[in-house]
Amino acid sequence: MRAFRGEFLSVSRDPRSDPEAVRHEADGLLVVEDGVVIARGVYAELAGRHADVPVEMLPGLVVPGFVDSHIHYPQTDRIASHGEQLLDWLERHIFPAEKAFASKAHADAVAAFFLDELLKNGTTSALVYPTVHEQSVDALFEAALERNMRVISGKVLMDLGPEGLNDTLASGRAASEALIHRWRGRGRLGYAVTPRFALASTDAQLADAGALLAEHPEVLMHTHLAENLRECAEVAARFTEAADYLDAYDRFGLVTGRSVFAHGVHLPDRACQRLHESGAGIAVCPASNLFLGSGFFDFGQADRHGVRLGLGTDVGAGTTFSLLHTQGIAYQAALMKGMALDPFRALWLATAGSAVLLHIDDRVGSLEVGQEADFVVLDPQATPLLARRTQGADLATRLFALQVLGDDRAVARTYLLGQCAWNRDTP
Ligand SMILES: [Zn+2]
């Protein structure tokens, strides 16, 4: 058993509809046993009851570990690739890079760097795209198991993919089944059936992905939706029977309460209503949407329909591994559609909101009693500018400044299950 003393902040529910969801202890105590929070509260009130537990001081603002609801680990080395929108960017920059993951050794090396980069940025849980290769999932899961990180992933299905990066209906099914059985119940890992996107699979493979999802009630479904206008036009041209892009997935049983769709930048109201009814949700990826010129996610439209939301970086189209900085970009993107995103809501999106989307909110996201003790120590004085902007400021101002000006430099420490997994001062 161990205890941590510091300033704690968490947002367990969407503060837009529930302002009580913001929980803050200016001088708090967090007591952890076997990696799980067993008490949290004001230091002066709790300390007496845990007087025999050793206490570690945490400098800075402590928030729950970030939950990245959409990111691609094989694109790590192609971040900041110049000059194209989605479909051309995939062809020119991404598909060649992903072909290299046929090598397990290459996948191992990238997975290790990728997960360390997540920790350095305060991300403790993530829903991750690998490649079409079965061993790319093994490499990621082995590295996550070694670090004790909460990672959900699943072999990419793309039987219409380019030469060297495609599977078949049969091989896609066999590899998915093998991975689900091989990794079930191990560490903090989870599986997601992962069709790349509607255009990369035949109807038969999309239908089989729906069947796979139905056969395994514990797995998620993870794919892309309505990211870019040219992509949307090509989907409309191929799936002429479908009411809209979401409906193209729905017809194959891929729209369920366990479905996570990245982007959803261009959606009609009907699709938002269907997302709400089904319990499926959107991983909002504002940095990526800006980088690829895809557009701006419409928070107002999503809120009108009660769509479940989380936040993702979408590296390599995303320009940062930092979900802290992505909260600041989300603010700017939301403002382009007329909404001033509240800083506490942005924090919720990057923690408990994403955790709900990934069905891991019983374990992580809010730093409440019974949850796993994954947390990040943010440093409001990480840079001279941050220090000036946050000096003497109230909580909302400090948080917003961290979101807009902060990145990995502002992450002083990252803890997994109460153990320090990253320390900026002793890397
Ligand atoms: Zn993506």
Problem - side chain to side chain contact (heavy atoms under 4.5 Å, CB included) partner of His325, the single match among Thr313, Thr319, Thr320, Asn121 - result: Thr320

Exercise for the section: Identify which one of Val128, Thr131, Val110, Leu145 satisfies the side chain to side chain contact (heavy atoms under 4.5 Å, CB included) criterion when paired with Leu140. Expected result: Val128

So that I know where these two stand, are [X] and [Y] an aromatic pair - ring centroids less than 6.0 Å apart?
X	Y	result
Tyr129	His70	yes
His216	Tyr191	no
Phe321	Phe66	no
Phe4	Tyr415	yes
His133	His106	no

Pair [X] + [Y], salt bridge at N-O below 4.0 Å:
X	Y	result
Arg274	Asp250	yes
Asp379	Arg413	no
Asp374	Arg363	no
Lys104	Glu142	yes
Asp138	Arg182	yes
Lys120	Asp407	no
Arg2	Glu33	no
Asp244	Arg270	yes
Arg173	Glu177	yes
Glu134	Lys155	no
Glu163	Lys99	no
Arg40	Glu25	yes
Arg184	Glu218	yes

Crowded around [X] [atom1]? As in, over 12 foreign heavy atoms under 6.0 Å?
X	atom1	value
His181	NE2	yes
Asp394	CG	yes
Arg251	CZ	yes

At their closest point, which heavy atom of [X] faces which heavy atom of [Y], and how far apart are they?
X	Y	value
Val255	Ser278	CG1-OG, 3.5 Å
Cys272	Val307	O-CG2, 3.5 Å
His224	Tyr249	O-OH, 2.6 Å
Pro343	Ala396	CG-O, 4.1 Å

State, yes or no, whether a side-chain contact exists between [X] and [Y] at a heavy-atom distance under 4.5 Å.
X	Y	result
Ile152	Leu189	no
His263	Phe261	no
Val377	Leu61	no
Thr194	Leu157	no
Leu160	Asn166	no
Asp269	Gln301	yes

We want to know whether [X] and [Y] form a side-chain donor-acceptor pair, criterion being a heavy-atom distance below 3.5 angstrom.
X	Y	value
Ser288	Asp314	yes
Thr202	Asp159	yes
Asp362	Gln371	no

Exercise for the section: Decide yes or no on salt bridge (charged side-chain N to carboxylate O under 4.0 Å, His left out) for Arg150 and Glu372, but give the supporting numbers first. Expected result: CA-CA 10 Å; Arg150 190 164 278 291; Glu372 294 160 351; 2.8 Å; yes

Exercise for the section: Without swapping roles, check the side chain of Gln332 against the backbone of Gly328 for a donor-acceptor pair under 3.5 Å. Expected result: yes

Exercise for the section: Any chance you could lay out the side-chain hydrogen bond (donor to acceptor under 3.5 Å, both in side chains) test for His93 and His82, step after step, and finish with the verdict? Expected result: CA-CA 9 Å; His93 299 294; His82 178 266; over 6 Å; no

Fill in the blank from the handout: Interatomic distance, CD@Glu84 vs CD@Glu91, rounded to 0.5 Å, equals 10.5 Å

Problem - Cationic tip of Arg186 above Trp183 ring, under 6.0 Å, 45° of axis - result: yes

Exercise for the section: Please step through side-chain hydrogen bond (donor to acceptor under 3.5 Å, both in side chains) for the pair Gln205 and Asp167, ending with a clear verdict. Expected result: CA-CA 10 Å; Gln205 189 172 54; Asp167 54 5; 3.2 Å; yes

